[in-house]
Amino acid sequence: MPELPEVETVVRSLGPRLIGQRIESVRVLFRPLLRQSHPLALQALKGARILGLRRRGKMVLLDATNGLSLLLHLKMTGRLLLCPKEKTLGKHTRLIIALGDEEELRFEDSRKFGFVRLIKTEKAEEAAELKSLGPEPLELGMKRFCELLHHRRGRLKSLLINQSFLAGIGNIYADEICFEARLHPSTEVSRLGHREKRRLWSAIRTVLTNAVAARGTSIRDFRDGEGREGGFQAFLRVYGREGEACFFCGARIKRLRLAGRSTHFCPRCQRKGRSSVSS
DNA sequence: GTCGATGTTATCAA
DNA sequence: TTTGATAACATCGA
């Protein structure tokens, strides 16, 4: 579920409300959430205060005053919620971080794919989960983007969702970006012309920026830090629209399987190859 | 009740 | 390097 815009929305909605709060206790309700690490390790956060929340790719980093950071991945169905302590626990609550006053931060995750891990803040960039990530798509200039693209091969969609190429793009936004760029998702990346590369770079910026502005996409599970839905689902142009008319040309949106993922595109607007000639 | 699909990603084989 | 299949799991809808 949560891709860059959703994680960014969580961080923005929660950050200001968490800064300065003291961590009163940490309770792990689902041990595998920690992967290999020991449950007691998380107790090192106790007593520290929260410096802030950050995002890197699809990951959340909670920095504490004692030099430790909690790394979180929401995977498909993870949610990070700030709520009153007395609020009834959801069925899928996996972690509770009680804060100084009347509130606590809860990690909920029905499918149990998400995980958390404690790391040293100063070593954050070296953590395996972050080290392998490509650059932030919204902090990348066009020239550098074209350079990164230069020696890559494979299908466009596979590359877009590859976290070591760019960090944060997942299935929904990959499809939307391909549409915005008018490129077929199975386009061979090595055959993109310079013009198409620029169009792609620009499409990435447009789609992600708009999605962040709309506070993410809530198709099913996504909620921000206060339990609110996002709004970008109203602006999706291909994802989840199989069989419906393309808003631009009226052709039926098609769906195929690519890189193991459901892939949506307009067969008329997104033709393979040579599209740089016409634009 | 059953089947297939779901926004993520690690791992393995080819 | 890259792809495809698979697995982790619960829920939803047909």
Side-chain angles (χ1 to χ4, degrees), chain A residues 1-10 29-36 55-60 71-80 90-95 107-117 127-134 137 148-179 185-192 207-208 211-212 214-224 229-243 255-264:
Chain A
M1 156 182 73
E3 306 179 31
L4 184 153
E6 288 73 37
V7 181
E8 182 66 26
T9 299
V10 168
L29 307 186
F30 178 67
R31 168 81 190 262
L33 172 74
L34 306 177
R35 295 288 198 267
Q36 325 299 14
R55 177 190 63 75
R56 176 76 176 97
K58 299 174 190 173
M59 310 221 31
V60 177
L71 197 58
L72 293 105
H73 199 308
L74 306 170
K75 288 286 183 102
M76 294 279 269
T77 52
R79 288 177 182 174
L80 211 48
K91 189 176 165 191
H92 308 296
T93 307
R94 313 295 179 201
L95 174 77
F107 181 82
E108 297 185 354
D109 181 21
S110 73
R111 287 179 76 175
K112 300 177 175 173
F113 292 169
F115 66 86
V116 303
R117 194 161 79 83
E129 294 88 343
L130 298 188
K131 203 174 175 179
S132 54
L133 294 179
L148 285 182
L149 218 43
H150 194 56
H151 294 294
R152 308 298 298 228
R153 298 171 357 167
R155 318 265 195 167
L156 176 56
K157 164 119 180 198
S158 308
L159 187 67
L160 286 174
I161 62 176
N162 181 343
Q163 302 301 296
S164 61
F165 173 62
L166 289 179
I169 298 171
N171 205 35
I172 294 181
Y173 296 110
D175 284 2
E176 294 298 315
I177 287 166
C178 288
F179 179 81
S186 66
T187 302
E188 173 56 45
V189 171
S190 59
R191 287 167 55 179
L192 288 175
V207 169
L208 294 182
V212 169
R215 314 185 79 262
T217 303
S218 292
I219 288 173
R220 171 168 289 171
D221 303 297
F222 174 66
R223 296 293 183 277
D224 75 1
E229 293 189 3
F232 198 68
Q233 57 278 14
F235 299 99
L236 296 176
R237 292 183 288 178
V238 285
Y239 185 86
R241 300 193 63 242
E242 183 186 15
R255 181 162 73 106
L256 54 81
R257 201 111 193 130
L258 202 62
R261 322 298 300 279
S262 196
T263 300
H264 313 71

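Order of the sequence lines sets the chain letters (A, B, ...), proteins ahead of strands, with each chain counted from 1. Everything numeric in this text was worked out from a predicted model, so none of it was measured.
Partner of A:Arg223 under the side chain to side chain donor-acceptor pair (under 3.5 Å) criterion, chosen from A:Glu108, A:Glu6, A:Glu229: A:Glu229.
Rounded to whole Å, atom P of C:dT6 lies 11 Å from atom CZ of A:Arg257.
Across A:Val207 and A:Tyr173, no two heavy atoms sit closer than the pair CG1-CD2, 3.8 Å. Across all their heavy atoms, A:Asp175 and A:Lys157 have their closest contact at OD1-NZ, 2.6 Å. Nearest heavy atoms, A:Ala174 versus A:Leu160: O-CD1, 3.9 Å. Across all their heavy atoms, A:Gly78 and A:Pro2 have their closest contact at O-CG, 4.1 Å.
Nucleotides C:dA5 and B:dG4 have their P atoms positioned 15 Å apart, rounded to a whole Å.
Expressed to the nearest 0.5 Å, how far OH of A:Tyr239 lies from CZ of A:Phe232 amounts to 13.5 Å.
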Listed pairs, N/O of protein and of nucleotides 3-5 of chain C, under 3.5 Å:
unit_1, atom_1, unit_2, atom_2, d
C:dT3, OP1, A:Arg155, N, 2.9

Item to complete: Would you check, one step at a time, whether the test side-chain contact (heavy atoms from CB on, under 4.5 Å) holds for A:Arg79 with A:Leu74?
Response: CA-CA 6 Å; A:Arg79 288 177 182 174; A:Leu74 306 170; 5.9 Å; no
Fill in: Full working for salt bridge (Lys or Arg N to Asp or Glu O under 4.0 Å) between A:Lys75 and A:Asp109
CA-CA 9 Å; A:Lys75 288 286 183 102; A:Asp109 181 21; over 6 Å; no
Fill in: side-chain contact (heavy atoms from CB on, under 4.5 Å) evaluation trace for A:Leu208 with A:Ile169
CA-CA 9 Å; A:Leu208 294 182; A:Ile169 298 171; 4.2 Å; yes
Practice prompt. Could you walk me through whether A:Met59 and A:Val7 pass the side-chain contact (heavy atoms from CB on, under 4.5 Å) test, one step at a time?
Written response: CA-CA 7 Å; A:Met59 310 221 31; A:Val7 181; over 6 Å; no
Practice prompt. Apply side-chain contact (heavy atoms from CB on, under 4.5 Å) to the pair A:Phe222 and A:Val10, showing each step before the final yes or no.
Written response: CA-CA 10 Å; A:Phe222 174 66; A:Val10 168; 3.8 Å; yes
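Scanning DNA chain C for stems, defined as runs of 3 or more consecutive Watson-Crick or G-U wobble pairs whose donor-acceptor distances all fall under 3.5 Å, gives the following ranges: B:2-6 with C:10-14, B:8-14 with C:2-8.
Residues satisfying the side chain to side chain donor-acceptor pair (under 3.5 Å) test with A:Lys58, not counting sequence neighbours, are none. With sequence neighbours left out, the side chain to side chain contact (heavy atoms under 4.5 Å, CB included) criterion links A:Ser190 to A:Arg153, A:Glu188.
A:Phe222 comes within 4.0 angstrom of a nucleotide base, judged by non-hydrogen atoms across all strands.
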Worksheet, complete the sentence: Each nucleotide of nucleotides 8-14 of chain C classed B (base within 4.0 Å of a protein heavy atom), S (only sugar-phosphate) or -, in 5' to 3' order, makes BBBSS--
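For DNA chain B, the span of nucleotides reached by chain A at under 4.0 Å from its heavy atoms goes, 5' to 3', from B:dT6 to B:dT9.
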